Asker: 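Below is one structure. I have some questions about it.
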Amino acid sequence: MRIFETHAHYDDEAFDSDRNELLRNFPEQGICRVVNIGSNMESSRNTVRLTEEYDFFYGAVGVHPSDTGNLSEADIGELCQMTKSDKIVAIGEIGLDYHYDEPERTVQQRWFIRQAELARELNLPIVVHSRDAAEDTLRIMKEFHAEEIGGVIHCYSYSKELAKEFLDMGFYFGIGGVLTFQNARKLVETVEYLPLDRIVLETDSPYLAPVPYRGKRNTSLYLLYVLRKIAELKGISEEEAAEITYENACRLYCLT
Ligand code: NI
């Protein structure tokens with residue numbers, strides 16, 4: 001069985017004590033490809049470094065909405081430089097986060113659009129973070145014609161009605177540990193509804209560990225629990241679910 005981890009933050013300090021011990025064994029444990037996701041300038045630089053260190057690692061570079069407060073055009077230029085590496089396969093994570101509502105919404109929106117335009121110029125897909133901001137995310141993505149850029153809605157948390165809108169734009173859906181939570185009814189309904197060829201596996205490590213590790217440090221090894229739940233909901237084997245989501249992730253990130 002081979003598993004494609006589409007969204008993790010292994011540059012996070014939560015992995016400082018055992019990063020290499022943990023990561024070097026991933027391929028033999030079935031985690032065959034990992035995309036590490038940048039969330040600010042520093043983690044984007046560290047993402048590039050991780051892709052140089054591990055041959056099964058790829059990366060996305062970008063700045064999370066909550067970190068856009070001090071972003072500048074010079075930073076956009078540096079992100080652009082980082083994509084010169086052919087192991088950088090996407091721009092992200094970018095988007096809107098009205099949960100913490102900081103910096104102010106117009107600032108978040110401006111840099112979401114700016115980074116999406118960078119992705120368009122570079123012909124790279126986008127990794128979208130959207131929390132408590134469904135309407136604006138959809139409106140803005142329609143305005144910048146996200147269907148021409150493509151990408152994934154990471155940690156999808158909205159309704160299945162809204163999922164249809166993102167499906168129509170050709171987007172993939174990142175599904176992770178939340179699916180195993182006791183109160184995941186809405187997400188379960190969405191996963192039942194989503195076509196199998198649009199689902200990709202993600203952890204958001206070190207966050208959002210699945211049951212029975214909820215609250216602990218997450219790693220890609222726990223994707224098995226998410227896989228099991230998807231297989232159950234879709235009425236297929238775990239092996240099939242792994243293979244289909246692996247191929248979906250390759251299409252999403254344009255990897256052969
Ligand atoms: Ni993330």
Side-chain angles (χ1 to χ4, degrees), residues 3-16 19 22-23 26 31 33-51 57-69 71 79 82 88-103 108 111-112 115-116 119 124-134 137 141 151-158 166 171-181 184 187 199-210 213-223 225-226 245 249 252-253:
I3 289 176
F4 195 134
E5 156 76 276
T6 63
H7 189 121
H9 302 282
Y10 284 114
D11 53 289
D12 192 281
E13 63 183 9
F15 299 103
D16 281 354
R19 184 173 292 106
L22 177 73
L23 300 183
F26 272 3
I31 310 299
R33 278 178 168 173
V34 174
V35 175
N36 203 76
I37 309 284
S39 57
N40 54 42
M41 293 307 295
E42 189 54 33
S43 75
S44 294
R45 291 179 199 114
N46 289 332
T47 291
V48 173
R49 232 164 272 147
L50 281 171
T51 67
F57 259 64
Y58 299 84
V61 294
V63 177
H64 184 286
S66 304
D67 275 317
T68 53
L71 206 58
L79 290 174
M82 291 179 198
I88 298 304
V89 294
I91 296 295
E93 53 189 287
I94 63 175
L96 302 174
D97 194 321
Y98 295 170
H99 185 74
Y100 296 108
D101 226 359
E102 175 88 20
Q108 295 189 30
W111 291 110
F112 181 24
Q115 293 182 92
L124 290 174
I126 53 177
V127 178
V128 176
H129 170 103
S130 177
R131 189 170 184 200
D132 297 346
T137 302
M141 285 176 67
V152 58
I153 310 294
H154 141 66
C155 195
Y156 186 78
S157 61
Y158 300 132
F166 293 113
F171 270 66
Y172 291 83
F173 293 74
I175 304 296
V178 176
L179 186 64
T180 68
F181 292 178
L187 184 58
I199 295 173
V200 294
L201 296 176
E202 65 165 45
T203 57
D204 208 21
S205 291
Y207 310 107
L208 297 174
Y213 297 101
R214 189 172 179 178
K216 303 256 166 57
R217 183 183 78 167
N218 200 2
T219 85
S220 307
L221 299 174
Y222 298 159
L223 279 173
Y225 297 93
V226 180
T245 53
L252 159 63
Y253 290 128

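Remember, it's a predicted structure, so these values are computed and weren't measured experimentally. Remember, it's 1-based here, ligands and their atoms both numbered in the order they're listed. Note: hydrogens, waters and symmetry copies are ignored here, and every other heavy atom, side chains too, is used.
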Asker: How about the Ni ion (ligand 1), which protein N, O or S atoms come within less than 2.8 Å?
Answerer: His7 NE2, His9 NE2, Glu93 OE2, Asp204 OD1
Asker: Quick one: does Tyr222's side chain have a donor or acceptor within less than 3.5 Å of a partner on Gly177's backbone?
Answerer: no
Asker: So, Ser205 side chain and Asn218 main chain: donor-acceptor pair closer than 3.5 Å or not?
Answerer: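 At least one qualifying donor-acceptor pair exists.
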Asker: By side-chain hydrogen bond (donor to acceptor under 3.5 Å, both in side chains), which residues pair with Ser220, not counting sequence neighbours?
Answerer: Glu5, Tyr10
Asker: Taking atom OH as the centre, does Tyr98 end up with more than 12 heavy-atom neighbours from other residues, nucleotides or ligands that are less than 6.0 angstrom away?
Answerer: yes
Asker: Which atom pair, heavy atoms only, marks the closest approach of Ala119 to Ile126?
Answerer: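 Closest heavy-atom pair between Ala119 and Ile126: CB-CG2, 3.4 Å.
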Asker: Under a 3.5 Å distance rule, please check whether Tyr158 uses its side chain to pair with a backbone N or O of Ala134 as donor and acceptor.
Answerer: yes
